[in-house]
J.: 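Got a structure for you, questions after.
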Amino acid sequence: QKEVEQNSGPLSVPEGAIASLNCTYSDRGSQSFFWYRQYSGKSPELIMFIYSNGDKEDGRFTAQLNKASQYVSLLIRDSQPSDSATYLCAVSRDYKLSFGAGTTVTVRA
Amino acid sequence: DTGVSQDPRHKITKRGQNVTFRCDPISEHNRLYWYRQTLGQGPEFLTYFQNEAQLEKSRLLSDRFSAERPKGSFSTLEIQRTEQGDSAMYLCASSQSPNQETQYFGPGTRLLVL
């Protein structure tokens, strides 16, 4: 079992719709949770982090964390073509990040 | 805040050669991390430093890999006797402990071993 698993994708959504990304993790000792966006050929760029159970909103992005279910999600509202990228879920334990393989999102105009 | 920088951005080498990459973290960040990413996968942790101390090294890292951070500022990652399987993007990240766990990534060094 991989430490961090994400929807394999690709996920195609129309412009203006909500994109929903899911991530599960196996290590119950995971302490912090991150979503990174990665454009093709570029390095990961931080979108959001979340430490506590519940929701956290930042602009068009909402992260949700449920530690009991070992589940993290990311919602992208009002999706734009510029949101087309691979989204990486990462979990942290003892300062090291473990990443999922990523979900590729395509926003079609 | 100039961000994390890495040099070179691209490297092509022949199998068996040694290569060295450099990473300059965000100036006030005392933790520095190295990751490797292959196509279609997320980054994999290799090693990290707090100041000049190397605190952990992944079991995935063979003896051909070595990293240093001699003065607690920039870091180098050396790969000796490169193999084709070493072809990947090598990513450096930094964070500021103890208050921030968030890691910020540099642009990466893309290595191709022929």
Side-chain angles (χ1 to χ4, degrees), chain A residues 1-11 21-27 29-52 56 58 61 63 65 72 74 85-105, chain B residues 1 3-7 9-10 21 23-26 29-51 53-61 88-112:
Chain A
Q1 181 188 10
K2 290 185 178 180
E3 286 189 55
V4 181
E5 301 213 38
Q6 297 184 241
N7 309 58
S8 57
L11 178 65
L21 307 172
N22 301 316
C23 172
T24 57
Y25 60 94
S26 60
D27 184 356
S30 298
Q31 296 152 326
S32 306
F33 307 85
F34 303 85
W35 284 98
Y36 286 86
R37 176 174 62 198
Q38 187 170 31
Y39 292 113
S40 180
K42 303 295 186 183
S43 64
E45 171 192 10
L46 179 72
I47 299 175
M48 292 191 68
F49 59 87
I50 185 167
Y51 302 143
S52 306
K56 179 180 179 183
D58 184 359
F61 299 97
L65 173 61
V72 193
L74 180 71
T86 296
Y87 290 80
L88 298 165
C89 172
V91 303
S92 171
R93 179 170 182 158
D94 299 330
Y95 302 105
K96 297 174 297 180
L97 293 179
S98 296
F99 284 86
T103 300
T104 299
V105 174
Chain B
D1 182 352
V4 179
S5 61
Q6 292 187 246
D7 184 68
R9 298 289 303 276
H10 302 274
F21 308 142
C23 171
D24 287 86
I26 294 171
H29 287 187
N30 57 354
R31 284 184 183 259
L32 185 149
Y33 310 80
W34 286 98
Y35 293 84
R36 176 173 62 190
Q37 186 176 24
T38 54
L39 200 61
Q41 301 299 315
E44 287 181 297
F45 170 79
L46 294 179
T47 188
Y48 85 96
F49 295 83
Q50 178 162 317
N51 300 314
Q54 187 173 17
L55 295 187
E56 189 164 343
K57 192 173 172 181
S58 168
R59 288 170 292 175
L60 299 174
L61 213 59
M89 172 84 92
Y90 289 83
L91 294 162
C92 176
S94 69
S95 69
Q96 184 178 20
S97 72
N99 299 322
Q100 288 284 345
E101 281 193 59
T102 305
Q103 296 182 25
Y104 297 92
F105 283 84
T109 295
R110 188 172 295 279
L111 173 67
L112 178 61

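Both backbone and side-chain heavy atoms feed into the values below; hydrogens, waters and symmetry mates do not. Letters A, B, ... mirror the listed sequences (proteins, then strands); counts begin at 1.
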J.: Ring pair (Phe, Tyr, Trp, His ring centres under 6.0 Å) with Phe21(B): which of Trp34(B), Tyr90(B), Tyr35(B)?
T.: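 Answer after filtering Trp34(B), Tyr90(B), Tyr35(B): Tyr90(B).
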J.: Using non-hydrogen atoms only, which part of Glu56(B) is less than 4.5 Å away from chain A: side chain, backbone, both, or neither?
T.: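 Interface part for Glu56(B): side chain.
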J.: Do the ring planes of Tyr36(A) and Phe105(B) sit parallel (below 30°), tilted (30 to 60°) or perpendicular (above 60°)?
T.: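 The rings of Tyr36(A) and Phe105(B) stand perpendicular, inter-plane angle above 60°.
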J.: Would you say the side chains of Glu3(A) and Ser98(A) form a donor-acceptor pair under 3.5 Å?
T.: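 Glu3(A) vs Ser98(A): donor-acceptor pair found between side chains.
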J.: In terms of heavy-atom pairs under 4.5 Å with chain A, which of Gln37(B), Arg110(B), Gln6(B) leads?
T.: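 Between Gln37(B), Arg110(B), Gln6(B), the count favours Gln37(B).
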J.: Go through the atoms of Gln38(A) and report whether side chain, backbone, both or neither lie under 4.5 Å from a heavy atom of chain B.
T.: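 Gln38(A) touches chain B through side-chain heavy atoms alone.
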J.: Side chain, backbone, both or neither: which part of Leu97(A) has an atom under 4.5 Å from a heavy atom of chain B?
T.: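 Answer is both: backbone and side chain atoms of Leu97(A) are under 4.5 Å from chain B.
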J.: Chain A heavy atoms under 4.5 Å from Gln50(B): which part of the residue, side chain, backbone, both or neither?
T.: neither
J.: For the candidates Gly108(B), Pro107(B), Gly40(B), Ala93(B), which exhibits the highest count of non-hydrogen atom pairs separated by less than 4.5 Å from chain A?
T.: Pro107(B)
J.: Is the NZ or CZ atom of Lys56(A) positioned over Phe49(A)'s six-membered ring, under 6.0 angstrom from the centre and within 45° of the axis?
T.: yes
J.: Ring-plane angle category for Phe34(A) and Tyr51(A), please: parallel below 30°, perpendicular beyond 60°, tilted otherwise.
T.: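 Ring orientation of Phe34(A) relative to Tyr51(A): perpendicular.
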